[in-house]
Amino acid sequence: MIHLALRGVALAIAIAAAIDPAVSIVAATRPRIAVVVQNPQSSDARSVRAAIARDFAAGYDVVPQIVSDAAAAIVIGDRYPDEPVPDALLVSTVTIAAPFDGVRFVRVSAPRDVPPATTIRVRVDVAAHDVIGLTTELRARARGAQSGFASHRWTAADEEWHASLDVVPIGEPPFVVRVEAATPPAPPALPVADVVVQRRDAPLAVEFFDARPSWASTFVRRALESDARFTVESLSADARSLSARTAGAVPLRDRGLDAFAAVIVGGLDSLSAHDVAALERYIRQRGGAVVLLPDQRMTAGPLRAIAPQLTERLLDQPSTLVSADGGASLRASELLVAADLPPGSDVLQHVAGDRAPVIVSMPRGDGRLVVSGAMDAWRYRAAADAAFDRFWRATIAGLALATRPRVAIAVTPPVLGPGEEAAVVVHVHGGDAASISASAGGQPIRLAPSAERGVFRARFTAGPGSTRTSLEVRAADTNAGVESSSLIVPIAADARHIAPVRPPLSLLSASRHGIDVPPARVSEIATFVRAAVSRPRAALVSHPMRSTWWILPFVTCLSAEWWVRRRRGLR
């Protein structure tokens, strides 16, 4: 009977395989996780990907590129992926910096233009690798004359240094500032870069808007009104719904606000939702700078939608804050400490002890938002040689100078060698251009629209025998308004420039609701993605008889049946 049972089992397996029954079960699905390696030649990148693949092997499908049905993506490397990233995709990043030895410039920047008799503040970001114990000296020169100096001693194997150099413009505009870095006894191949600053003949136009009377904004306004570099307009309201305004002031919801390079706002608790929406449009679309001057704790209201999280801190005695760039420092006793700052934020003033950020500058769209948590600094405006006035003049001047005109021209590289080709980017802020034209050295150049709204691109070549080229751009909007802008591009045989700045990979994860970690903390990626990406249970149709493993019991039963029959002498 045993051989009949074995034969029956083998026959049942064969019949079931022929029928191929479908079985419906409820089980957890396996979401797809795209793990993209930007530099596969790097051993660090390969080891990080292997670690991530092991972490997700149990319940997820790991694919090497971004696919349409991916539940999340992890990008490993030092740059944005070449393939497009869907806006709704959750993306986390593992930043692996490109290897280099010595000291290099990450970024060298300066204002687009400065008013007459104004020093140029050049900001330099320097990165160093394996130069522990050495000192790097930065020098800035304008027309050969040194006017800016800073030094830094490196204390870590991989370190970054953010320096500011004040340069006195010399000669006729545009002013070409050369920044050099020396790290004795390093090799003589030194980082060198040129930046160009135009002269601004028109004053800096700023508007003060007070939703209610505020001492904080009043004394900042007075500091700017006494400075000839500014044109100050103001609009304020009082408790009786009356308003006081200067001739050129406009309401926040008026598109005429785009003519101002910066807007300073006081009486924040009385702002309406429409006012906040107008400020948001001005920052993001116009690319302007907004300075918020709170004079009391902000616990509610529409402004919370754009302001960072602020925690009140009251001191027994007024304390002097620390300026991040070594400039004038404010004195205050009633503070609002900022938290949860977005990537790209700068701390302008912080508490001396725990470095709690008090005055911060944050990117929003094309513009900047500055929030001052030094609520009662105006009380001590006469201290430290009027540091209050000096700080706010320098800060708002820097913000206003960084605000692009409504028709902004950018040239890369800023200084050209003879016969060198340059890329031109024209950005029309605050509206669409119905028509736009441009010329370089009097010769028309073709501006091609970019995928980004209001952005046009072109290229031109520097003449071999000239020392400068003038760029002219003229744009007309749909309301028959015309805006024009010009830029002088220097041409020099010894022009030096650094590679174009690429956005850090961490910005990709920040804009896609993910996290960015170094390779040493790669395990945090798996924890984060598992918490963010669920494995929903779904009805799955399975065909169990299609498994190749069924061949083993089928062959075993037939072999055992044959062996039993042979032992019994049966055929």
Side-chain angles (χ1 to χ4, degrees), residues 38-39 42-45 47-48 75-80 93-110 121-140 148-166 177-193 195 322-327 341-357 360-363 496-510 515-522 524:
Q38 294 298 96
N39 43 350
S42 168
S43 58
D44 292 338
S47 61
V48 168
V75 180
I76 305 168
D78 63 343
R79 64 184 187 275
Y80 271 55
T93 55
V94 182
T95 299
I96 302 178
F100 73 97
D101 292 323
V103 176
R104 68 174 182 179
F105 288 152
V106 178
R107 183 177 67 171
V108 179
S109 62
R121 173 150 294 185
V122 181
R123 299 187 183 275
V124 185
D125 296 340
V126 188
H129 175 71
D130 199 22
V131 291
I132 299 177
L134 300 183
T135 299
T136 294
E137 298 178 347
L138 285 181
R139 292 180 173 86
F149 177 82
S151 64
H152 177 75
R153 183 177 178 84
W154 304 103
T155 59
D158 292 286
E159 188 178 352
E160 289 190 358
W161 171 36
H162 308 284
S164 295
L165 304 175
D166 289 332
V177 179
R178 171 158 293 183
V179 181
E180 302 173 335
T183 312
L190 307 178
V192 181
V195 291
V322 178
S323 176
D325 59 3
L341 298 178
S345 299
D346 296 324
V347 177
L348 306 183
Q349 301 260 313
H350 60 80
V351 179
D354 58 1
R355 302 182 62 87
V360 295
S361 173
M362 303 172 295
R496 303 291 294 272
H497 47 79
I498 61 177
V501 179
R502 295 184 300 184
L505 188 60
S506 58
L507 287 181
L508 178 61
S509 57
I515 62 173
D516 175 76
V517 299
R521 293 164 43 201
V522 69
E524 298 179 16

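Just so you know, these numbers come straight off a predicted model, no measurement behind them. Values below: every heavy atom of this structure, side chains too, minus hydrogens, waters and symmetry copies.
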* CA sep, side-chain torsions, deciding dist, call: T95, D516, side-chain hydrogen bond (donor to acceptor under 3.5 Å, both in side chains) -> CA-CA 7 Å; T95 299; D516 175 76; 2.6 Å; yes

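Rounded to the nearest 0.5 angstrom, R153 CZ and L134 CG are separated by 7.5 Å. Rounded to the nearest 0.5 angstrom, L508 CG and T93 OG1 are separated by 6.5 Å. From H162, atom NE2 reaches atom CG of D125 across 5.0 Å, with rounding to the nearest 0.5 Å.
Without hydrogens or angle criteria, E159 side chain to A156 main chain gives a donor-acceptor distance under 3.5 Å. Using modelled atom types, no side-chain atom of R107 and backbone atom of V124 make a donor-acceptor pair closer than 3.5 Å.
Using cut-offs of 30° and 60° on the angle between ring planes, the pair W161 and W154 is perpendicular.
Contact detail for P184 and T135: the closest heavy-atom pair is CD-O, 3.7 Å. Considering all non-hydrogen atoms of both residues, A324 and V347 come closest at CB-O, 3.0 Å. When all heavy atoms of I515 and E524 are compared, the closest pair comes out as CD1-O, 3.9 Å. Of all heavy-atom pairs between A150 and L165, the closest is CB-CD2, 3.5 Å. Considering all non-hydrogen atoms of both residues, H350 and P357 come closest at CB-CA, 4.2 Å. Residues L138 and F105 share a closest heavy-atom pair of CD2-CE2, 3.7 Å.
Side chains of S361 and S345 form no contact here, defined as non-hydrogen atoms less than 4.5 Å apart.
Residues satisfying the salt bridge (Lys or Arg N to Asp or Glu O under 4.0 Å) test with R139, not counting sequence neighbours, are E137.
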